[in-house]
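Read through the structure below, which is laid out as structure tokens, and then see the notes.
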Amino acid sequence: MRRDRLMAGDEVIWLRPEGGGVGRPAQRSRADITAAAVALADRDGLDAVSMRRVAAELGTGAGSLYRYVSSRDDLLDLMSDAAASGYELPAPTGDPVADLVQLGIRAREVHRRHPWLTELISTRPVIGPAGVDVLEWVLTVLAEHPADDQTKLEAFAVLTLVVVSFARAEQTAHVAGVNRYLAHVVEAGTHPHIAALSLDAAGTGEDRFADILERVLRGLLEPARPQSHRPQSRRSQSPRPASH
């Protein structure tokens with residue numbers, strides 16, 4: 001019996017019924033609690049999100065929240081999925097990569113509105129109802145693409161990784177210090193290849209995000225070359241028989 005209870009507690013929140021307790025009318029909803037948690041994280045950061053703080057946002061006691069969510073982890077999962085509900089998912093244009101790049105741009109804007117999301121996705125990846133809608137949209141965009149199912153799922157995962165990487169870089173003040181050190185290295189002249197880089201010509205991350213994401217996605221989704229088209233190395237070639 002105890003094992004059954006533990007397994008039920010480990011179930012993702014969307015597979016558990018929503019309610020305010022047996023025989024008692026619900027005064028709140030998961031949506032209310034999620035909105036309060038998101039507002040708190042937007043204002044004070046992810047570390048500020050606790051059952052007590054969210055309850056205070058709602059003007060109630062922490063104990064009352066346990067009628068709707070089992071733990072802080074539930075709150076975090078609800079918050080992550082709520083952020084995914086902010087994505088605009090238009091009809092496919094017929095250019096799958098271009099559509100996915102636009103999704104990446106919209107995802108980046110969501111990370112800018114909710115800076116805590118970058119850390120949350122990196123440490124506690126989850127997919128809920130809104131995330132499922134996004135995944136379904138991605139697969140709809142790729143429905144006619146020749147890539148296999150695994151590659152399509154990898155494209156979705158890689159898109160997320162690129163967005164999170166750029167978002168994390170934007171949120172990291174330490175990047176400015178790293179750039180100053182690289183400038184010092186260039187001036188010292190001890191690393192000629194680094195000094196020869198045309199960093200200004202490369203543009204900023206802001207300018208190149210869409211271009212980088214497009215090239216990554218095209219490289220991933222490009223059909224693999226057949227094995228027979230790969231040239232053999234000299235060492236792997238069989239020796240020719242001697243002539244008589």
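These numbers come from the heavy atoms of this one structure, side chains and all, not from hydrogens, waters or symmetry mates.
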Seminar exercise, completed: Contacts of Q150 meeting side chain to side chain contact (heavy atoms under 4.5 Å, CB included) (sequence neighbours excluded), chain-then-number -> D148, E154
Exercise. Would you call R106-E109 a salt bridge at under 4.0 Å N-O?
Worked result: no
For this session: Can you sort out the partners of D32 under salt bridge (charged side-chain N to carboxylate O under 4.0 Å, His left out), two or more places apart, ordered by chain and number?
Result: none
Problem set entry | Sub-4.5 Å side-chain heavy-atom contact between V38 and V49 | no
For this session: Keeping the roles fixed (side chain from H145, backbone from A147), state whether a donor-acceptor pair exists under 3.5 Å.
Result: yes
Problem set entry | Results of side-chain hydrogen bond (donor to acceptor under 3.5 Å, both in side chains) for R72 - residues two or more places apart only | none
For this session: Name all pairs fulfilling the side chain to side chain donor-acceptor pair (under 3.5 Å) condition that reach into residues 81-90, sequence neighbours left out, sorted by first residue then second.
Result: none
Exercise. Can you name the salt bridge (charged side-chain N to carboxylate O under 4.0 Å, His left out) partners of D73, sequence neighbours left out?
Worked result: R124
Exercise. Do side-chain atoms of T160 reach the backbone of F156 as a donor and acceptor pair under 3.5 angstrom?
Worked result: yes
For this session: Check for a donor-acceptor pair, side chain of W137 on one end and backbone N or O of P90 on the other, with a separation under 3.5 Å.
Result: yes
For residues 50-60, which side-chain donor-acceptor pairs fall under 3.5 Å, sequence neighbours excluded?
residue	atom	partner	partner atom	Å
S50	OG	R53	N	3.1
R53	NH2	D44	OD2	2.8
E57	OE2	R43	NH2	2.6
T60	OG1	S64	OG	2.9

For this session: Using modelled atom types only, decide if a donor and an acceptor are shared between the side chain of K152 and the backbone of L142 within a distance under 3.5 Å.
Result: yes
Problem set entry | Any I33 side-chain heavy atom under 4.5 Å of R30 side chain | no
Exercise. Salt bridge or not for R168 and E119, using N-O below 4.0 Å?
Worked result: no
Exercise. When you check the side-chain N and O atoms of E18 and S29, is any donor under 3.5 Å from an acceptor?
Worked result: no
Exercise. Just checking, R108 and F209: is the charged tip under 6.0 Å from the six-membered ring centre and within 45° of the axis?
Worked result: yes
Exercise. Does a salt bridge link D42 with R113, judged by any charged N lying under 4.0 Å from a carboxylate O?
Worked result: no
